2 protein chains.
Amino acid sequence: MLEPEGKIIKILIADDHPIFRNGLKSVIESVANYSVVHESDNGEDAFKYICENEIDLAILDVEMPIMDGFEVAKQLHVEKKSLKIIFLTMFKEERFVNKVLDLGVKGYVLKENAVIDILNAIKIVSTGNKLYISPIIEHYLEARNTKAEYNYKESFESLTNSEKKILKLISENKSSKEISELLFISGKTVENHRSNICKKLELTGSNALFKFTVDNKFLIDKMHF
Amino acid sequence: MLEPEGKIIKILIADDHPIFRNGLKSVIESVANYSVVHESDNGEDAFKYICENEIDLAILDVEMPIMDGFEVAKQLHVEKKSLKIIFLTMFKEERFVNKVLDLGVKGYVLKENAVIDILNAIKIVSTGNKLYISPIIEHYLEARNTKAEYNYKESFESLTNSEKKILKLISENKSSKEISELLFISGKTVENHRSNICKKLELTGSNALFKFTVDNKFLIDKMHF
DNA sequence: GAAACCATAGGGGCTAACCCTCATTTTTAG
DNA sequence: CTAAAAATGAGGGTTAGCCCCTATGGTTTC
């Protein structure tokens with residue numbers, strides 16, 4: 001493993017599993033000019049360290065306590081432009097990848113491919129402004145792009161605050177009656193909102209909305225309003 | 001880290017994340033008489049190795065390709081009585097712990113506590129027939145035992161084959177009409193089955209069945225009929 | 001062969017959610 | 001200030017699923 005440049009690349013790793021962190025560190029430091037300068041077991045600690053110290057690259061686990069990888073990236077990329085971020089995750093779901101790219105994250109590496117992929121990812125991401133995504137995920141994306149897929153992100157943004165509030169409660173398995181009692185509004189209003197949500201999300205049929213919230217619980221939980 | 005006995009304990013580790021495996025190995029082998037004799041990145045490989053070789057302890061990730069930890073344990077504990085099994089997992093859900101204990105698995109360690117817990121677990125499990133469960137999970141279990149919990153496993157077994165078949169299809173988001181067309185039976189029959197399933201599972205109210213299948217998808221997928 | 005169980009099927013009632021349309025008030029934006 | 005957008009409410013219709021009942025033919029079991 002040789003690198004053309006002698007410059008030391010300062011790396012932060014954040015993952016809540018100490019054993020994984022250990023393994024990751026030893027893989028990374030097998031390359032001479034890579035140095036792991038800080039380890040975090042949660043997103044908040046990583047965020048603080050990055051704000052207060054100069055580092056080149058942050059490798060963030062997506063699933064972490066306190067702040068997850070998404071949160072950290074969201075807070076960071078506005079202020080720190082030189083910083084590169086690589087996500088480590090177990091999820092190969094497409095929707096994640098989209099979200100990641102929106103945040104300005106440069107790398108997306110699947111944990112099960114980590115040994116092979118992480119060094120490639122660091123190399124590509126740290127030398128220039130290029131993107132690295134685990135090959136297996138790229139394969140996924142290609143398959144995805146062949147079929148025209150409805151863009152839920154866009155649709156979510158077309159929802160009003162009331163609609164989002166109600167969508168959230170539907171995802172928590174609340175009936176229209178329960179929602180009306182929680183929000184101190186008429187049951188009829190709730191039903192009207194439901195109806196409008198269905199229209200905006202292009203959902204039709206019995207229970208379509210609840211089924212949608214089940215399938216997209218992740219996105220709904222992350223919804224801000 | 002001193003051990004009273006000089007006997008070498010032969011350990012197999014199975015986890016689909018190579019970096020985690022590396023880290024785990026180095027933690028384990030920091031103890032003189034622990035030796036990792038084989039690493040697997042999937043359950044099937046682990047199963048085969050264990051069948052063909054004499055090892056003392058298998059540390060299995062619950063989430064693995066081909067065969068998961070549950071499958072491996074299920075196949076093994078009948079034939080190999082001297083073998084000890086420790087599960088490594090990210091899930092602290094109670095239902096998993098119950099399932100694990102039923103299989104004769106001796107250890108249950110959460111990945112986020114792995115560095116501290118795994119060596120304790122190996123020590124306790126390998127010296128005698130004792131059980132080790134990550135303290136944080138034990139805390140969970142205590143809380144759980146105070147409330148009387150409905151036993152779904154029992155209820156599942158009370159379902160007839162037709163009912164199970166239909167429950168599976170409901171979990172796949174099929175309507176009664178669709179199910180009737182798939183099974184070549186009247187829609188009314190499907191509704192009767194639904195009704196009986198609701199009675200057996202003690203579910204009432206609109207959509208309760210579908211909500212149940214969402215919450216218990218894991219169990220339904222494992223259902224045999 | 002009676003009892004029990006199962007799969008099948010239908011009648012009929014009820015409700016929650018979906019689906020229109022319309023109307024009023026409040027908030028927001030130009 | 002005015003126009004658009006959002007939030008609230010309602011009337012009225014359809015449907016899927018829940019729930020109660022009965023009933024018939026087929027197994028299994030004692």
Side-chain angles (χ1 to χ4, degrees), chain A residues 150 152 154-217 220 223-225, chain B residues 150 152 154-217 220 223-225:
Chain A
Y150 189 67
Y152 285 122
E154 223 172 72
S155 308
F156 271 135
E157 277 157 14
S158 78
L159 296 179
T160 67
N161 275 349
S162 296
E163 287 162 356
K164 284 177 184 169
K165 224 179 293 177
I166 284 170
L167 186 63
K168 185 109 191 349
L169 289 168
I170 294 170
S171 83
E172 288 164 12
N173 201 346
K174 304 272 196 297
S175 69
S176 291
K177 191 157 170 289
E178 288 171 317
I179 294 172
S180 75
E181 282 158 7
L182 280 167
L183 301 182
F184 304 105
I185 55 179
S186 142
K188 203 63 205 178
T189 304
V190 177
E191 292 210 352
N192 288 332
H193 281 308
R194 287 186 93 118
S195 201
N196 291 328
I197 296 169
C198 285
K199 235 180 277 173
K200 286 183 180 175
L201 298 181
E202 293 175 29
L203 300 170
T204 53
S206 152
N207 276 317
L209 231 195
F210 179 68
K211 283 163 190 163
F212 174 85
T213 65
V214 168
D215 292 337
N216 296 280
K217 191 144 185 53
I220 291 168
M223 214 166 48
H224 45 279
F225 53 91
Chain B
Y150 189 68
Y152 284 122
E154 224 172 72
S155 307
F156 272 138
E157 278 158 13
S158 79
L159 296 180
T160 67
N161 274 351
S162 296
E163 285 162 356
K164 283 177 185 170
K165 225 179 291 176
I166 285 171
L167 186 63
K168 186 106 196 339
L169 290 168
I170 294 170
S171 82
E172 288 164 12
N173 202 348
K174 303 273 197 298
S175 69
S176 291
K177 190 157 171 290
E178 288 171 316
I179 294 172
S180 75
E181 280 157 8
L182 280 166
L183 302 181
F184 305 105
I185 54 179
S186 142
K188 202 63 204 174
T189 305
V190 177
E191 293 211 350
N192 288 331
H193 281 307
R194 287 184 93 116
S195 203
N196 291 329
I197 296 170
C198 285
K199 237 179 276 172
K200 285 183 181 175
L201 298 181
E202 294 175 28
L203 299 170
T204 53
S206 153
N207 274 317
L209 230 194
F210 179 68
K211 284 163 192 163
F212 174 85
T213 65
V214 168
D215 293 337
N216 295 281
K217 190 141 186 55
I220 291 168
M223 210 167 52
H224 44 278
F225 54 91

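Owing to the predicted nature of the structure, the values given are computational and were not obtained by experimental measurement. Convention: sequence-line order gives letters A, B, ...; per-chain numbering from 1.
Remark: P of D/dA16 and CD of B/Glu178 are 10 Å apart, rounded to the nearest angstrom. Rounded to a whole Å, the NZ atom of A/Lys165 is 14 Å from the P atom of D/dA6. Here C/dC19 presents its P atom at 12 Å from CG of A/Leu201, a figure rounded to the nearest Å. For the pair A/Asn196 CG and C/dC20 C1', the computed distance is 11 Å after rounding to whole Å. Straight-line distance from the CG atom of B/Leu209 to the P atom of C/dA16: 17 Å, rounded to whole Å. C/dC18 atom P lies 9 Å from atom CG of A/Leu203, rounded to whole Å. One can place CD1 of A/Ile179 at 10 Å from P of C/dC18, the figure rounded to the nearest angstrom. Atom pair B/Phe184:CZ and C/dA7:P shows a separation of 18 Å (rounding to whole Å applied).
Contact of the A/Leu183 side chain with the A/Leu169 side chain is registered, since non-hydrogen atoms from C-beta on lie closer than 4.5 Å.
Contact check, A/Ser162 against D/dT8: a side-chain N or O comes under 4.0 Å of OP1 or OP2. Under 4.0 angstrom from either OP1 or OP2 of D/dT8 there lies at least one side-chain N or O belonging to A/His193. For C/dG10, one of the phosphate oxygens OP1 or OP2 lies less than 4.0 angstrom from a side-chain nitrogen or oxygen of B/Ser186. In terms of phosphate contacts, B/Ser176 brings a side-chain nitrogen or oxygen within less than 4.0 Å of OP1 or OP2 of D/dG17.
Set against C/dC20, D/dA7, D/dC20, the side chain of B/Lys199 has D/dC20 as its closest nucleotide. Picking from D/dA7, D/dA16, C/dA17 the nucleotide with the shortest atom distance to the side chain of A/Glu191 gives C/dA17. Checked against C/dG10, D/dA16, D/dC18, the side chain of A/Ser206 finds its nearest nucleotide in D/dA16. When the nucleotides C/dC18, C/dA7, D/dA10 are ranked by their closest atom to the side chain of B/Thr160, C/dA7 comes out on top. Of all nucleotides listed (C/dT8, C/dA17, D/dG9), C/dT8 comes nearest to the side chain of B/Ile185. Comparing C/dC18, C/dC19, D/dC18 by their closest approach to the side chain of B/Arg194 singles out D/dC18. The side chain of B/Ser175 lies closest to D/dG17, out of D/dG17, C/dA9, C/dC19. Looking at the side chain of B/Lys188, the nearest of the listed nucleotides C/dG10, D/dT8, D/dC18 is C/dG10. Here the side chain of A/Asn192 is nearest to one of C/dG11, C/dC20, D/dA6, namely C/dC20.
The main-chain N or O of B/Lys177 is found under 3.5 Å from a side-chain atom of B/Ser180 such that the two form a donor-acceptor pair.
Paired with B/Phe212 under the rule side-chain contact (heavy atoms from CB on, under 4.5 Å), one option of B/Ile197, B/Ile170, B/Leu203 passes, and it is B/Leu203. Tested against A/Ser176, the residues A/Glu181, A/Glu191, A/Arg194, A/Lys188 include a single side chain to side chain donor-acceptor pair (under 3.5 Å) partner, A/Arg194.
Contacts of B/Thr189 with the nucleic acid, taken as non-hydrogen atoms under 4.0 Å apart, include base atoms. B/Gly187 comes within contact range of no nucleotide atom at all, as no heavy-atom separation falls under 4.0 Å.
Here the shortest heavy-atom pairing between A/His193 and A/Glu163 reads ND1-CG, 3.9 Å. Taking both residues in full, the closest heavy atoms of A/Ser206 and A/Lys211 are given as O-NZ, 3.5 Å, listed atom of the first, atom of the second, then distance.
In this structure, B/Leu183 and B/Lys211 both approach DNA chain C, and ranking their closest nucleotides by distance from the 5' end singles out B/Leu183.
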